[in-house]
Amino acid sequence: MPELPEVETVRRGLAPHVIGRQIATVVVREARLRWPVPASLPADLPGQRILAVDRRGKYLLLRMSGGDTVLVHLGMSGRLRVFDALPAPVKHDHVDWTFVGGGGLRLNDPRRFGAVLHWPQSQTGHALLDHLGPEPFDDAFNGAYLYARSRGKQVATKSFLMDGRTVVGCGNIYAAESLFRARVRPTLPAGKLSLPACERLVVAARAVLRSAIEQGGTTLRDFAGADGLAGYFQQDLRVYGREGQPCRVCGTTLKGQRIGQRASVWCPKCQR
DNA sequence: CTGTTAACCTGAGTGC
DNA sequence: TGCACTCAGGTTAACA
C-alpha cells in the first residue's frame, strides 16, 4: 500500500528509464479507476517526450514536452513498471504508455483505487493538488506550523497527521510510527498538542519517512517498487500491525483501537 | 466552518 | 475444497 516512501521509491526507480522517452501510444484497457482515465491522454500524448518524473505527496507527475502533466496515483494497490518490451497484458494491466523505439510504462492496479489524470498546460492548478499541505521535508513543515494549525481542532492527532491538508505522505503506517517515536498518544485531540510535542512529531515523521525511503518502502501485501523488489521498512515497524504484542521499548502490551475508521496501535505507557 | 461517515474495489485471510 | 464473511486502505463526496 503505497505511502510517500513507496511512491518516492517508484519515482526514483522509474525516472532513469523513462526520462527522454517519446510516447508512441497510450493504451487504456480499463478506464474505470478512481476517476475515469480521460480520453485526452491517448489523444494528446503521442509524440511528446517525458521530461521529468516529479512527486507531490503521493502523486507522481510525468512532465511532458508539450507542457502537460500526467498525474498518476497508485491508490492502494497500484504498480507502475517499465518494460524494455511490453509483455502480453495480464489481469489488471489497465494502462500502457508505449515508447517510440520499444518498451513502455505499464500500470497494474487490482483494486482500481489509483488514478491517471491529465493536467493540461492551459489549466492553472489542479483540484487534487491545490489544497495539499507541505511536503514533510520542506521547511514549511515545522513545529510552529503544526502547533498553529492544530489549535481548536477536536480531531484525534492521528487523523490530523493523516490529513493531506496538514502534511502530505503520512498514511496509516507512518502516522502510527511517527506518533510512537514522538511519544504522542494518537487519540489526543490535535488542539491539545503542546508546541514541544508538535516539534517532536515533525522530527519523528521526517526520521520515519527518511528511513523508509532509504529501505525502499514498506512491503506488506501489495507494494513493490518499479523494479518489482520488496521494501524492507517493515522490519522497523514498532507499533503498526503489532496490537497485543509487547512494546519494543518498555514491554507494555500495545493497545489497538480504530481511530477515524483506521486500525491504530500504540503503547499506552510510552505515548501520553 | 468542523467533524463524521460512506463509498469506491479486489484479494487475502479466517471460520465453519 | 468451498463458501460466507471481514478486513485492508487513500481519498473524496456527502452529510450532520
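Letters A, B, ... mirror the listed sequences (proteins, then strands); counts begin at 1.
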Could you go through residues 17-28 of chain A and list every donor-acceptor pair under 3.5 Å that involves a side-chain atom there, pairing it with any protein atom two or more places apart or in another chain?
residue: A:R21; atom: NH2; partner: A:V100; partner atom: O; Å: 3.3
residue: A:R21; atom: NH2; partner: A:G102; partner atom: O; Å: 2.9
residue: A:Q22; atom: NE2; partner: A:G47; partner atom: O; Å: 2.8
residue: A:T25; atom: OG1; partner: A:T98; partner atom: OG1; Å: 2.5

Which pairs of donor and acceptor atoms, one on a side chain in residues 259-269 of chain A, lie under 3.5 Å apart (sequence neighbours left out)?
residue: A:S264; atom: OG; partner: A:K158; partner atom: NZ; Å: 2.8
residue: A:S264; atom: OG; partner: A:R262; partner atom: O; Å: 3.0

Donor-acceptor pairs are to be reported for all side-chain atoms of residues 131-149 of chain A against protein atoms at under 3.5 Å, with residues two or more places apart or in another chain.
residue: A:E135; atom: OE1; partner: A:R55; partner atom: NH1; Å: 3.0
residue: A:E135; atom: OE1; partner: A:R55; partner atom: NH2; Å: 3.2
residue: A:E135; atom: OE2; partner: A:R56; partner atom: NH1; Å: 3.0
residue: A:E135; atom: OE2; partner: A:G57; partner atom: N; Å: 2.7
residue: A:D138; atom: OD1; partner: A:A140; partner atom: N; Å: 2.8
residue: A:N142; atom: OD1; partner: A:A144; partner atom: N; Å: 3.1
residue: A:N142; atom: OD1; partner: A:Y145; partner atom: N; Å: 2.8
residue: A:N142; atom: ND2; partner: A:D139; partner atom: O; Å: 2.9
residue: A:Y145; atom: OH; partner: A:T166; partner atom: O; Å: 2.6

Tabulated below should be each protein N or O lying under 3.5 Å from an N or O of nucleotides 3-8 of chain B; please produce it.
residue: B:dG3; atom: OP1; partner: A:Q154; partner atom: N; Å: 2.4

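The shortest side-chain heavy-atom distance between A:V7 and A:R12 does not fall under the 4.5 Å cut-off. With contacts defined as side-chain heavy-atom distances shorter than 4.5 Å, the pair A:Q271/A:V239 qualifies.
When the C1' atoms of four end pairs are superposed on the next four at each end of the helix from B:dT2-C:dA16 to B:dC16-C:dG2, using five pairs per end, the two resulting axes differ in direction by 50°, to 10°.
For A:H92, no side-chain nitrogen or oxygen approaches OP1 or OP2 of B:dT10 to under 4.0 Å. Close to C:dT11, at under 4.0 Å from its OP1 or OP2, lies no side-chain N or O of A:R111. An OP1 or OP2 oxygen of B:dT10 is reached within less than 4.0 angstrom by no side-chain nitrogen or oxygen of A:K91.
A:I173 places its CD1 atom 7 Å from the P atom of C:dG10, with the value rounded to the nearest Å. Distance CE (A:M162) to P (C:dT12): 13 Å, rounded to an integer number of Å. Regarding A:N172, its CG atom lies at a distance of 15 Å from the P atom of C:dC7, rounded to whole Å. Residue A:N108 contributes atom CG, which lies 13 Å from atom P of B:dT10 at whole-angstrom precision. Computed from coordinates, the A:D109 CG to C:dT11 P distance equals 13 Å when rounded to whole Å. Nucleotide C:dT12 holds its P atom 5 Å from the CH2 atom of A:W35, rounded to whole Å. Protein atom CZ of A:R112 is 9 Å distant from nucleotide atom C1' of B:dT10, rounded to whole Å. The nearest whole Å value for the distance from the CZ atom in A:R79 to the P atom in B:dT10 is 17 Å.
Among the heavy atoms of the strands, none lies under 4.0 Å from A:R165.
Within the structure, every pair that satisfies the salt bridge (Lys or Arg N to Asp or Glu O under 4.0 Å) test and touches residues 88-110 of chain A, not counting sequence neighbours, is listed here: A:R29-A:D96, A:D93-A:R106, A:D96-A:R106. Applying the ring-ring contact (aromatic ring centres under 6.0 Å, His included) definition to pairs two or more places apart or across chains, those involving residues 45-70 of chain A are A:Y59-A:H73.
The backbone N or O of A:R111 lies less than 3.5 Å from a partner atom in the side chain of A:S77, making a donor-acceptor pair.
When hydrophobic side chains of Ile, Leu, Val, Met, Phe, Trp and Tyr are connected at separations under 4.5 Å, A:F83 ends up clustered with A:L86. Through direct or indirect side-chain contacts shorter than 4.5 Å among Ile, Leu, Val, Met, Phe, Trp and Tyr, A:M162 is connected to no other residue.
Using a 4.0 Å cutoff on non-hydrogen atoms, the parts of residues 52-62 of chain A near DNA chain C are A:K58, A:Y59, ordered by number.
Every salt bridge (Lys or Arg N to Asp or Glu O under 4.0 Å) that A:D163 has, sequence neighbours left out, goes to A:R165. Here A:P196 pairs with A:S194, A:R200 under the side-chain contact (heavy atoms from CB on, under 4.5 Å) rule; sequence neighbours left out.
Closest contact between the side chain of A:H131 and the listed nucleotides B:dG11, B:dC9, C:dT12 involves C:dT12.
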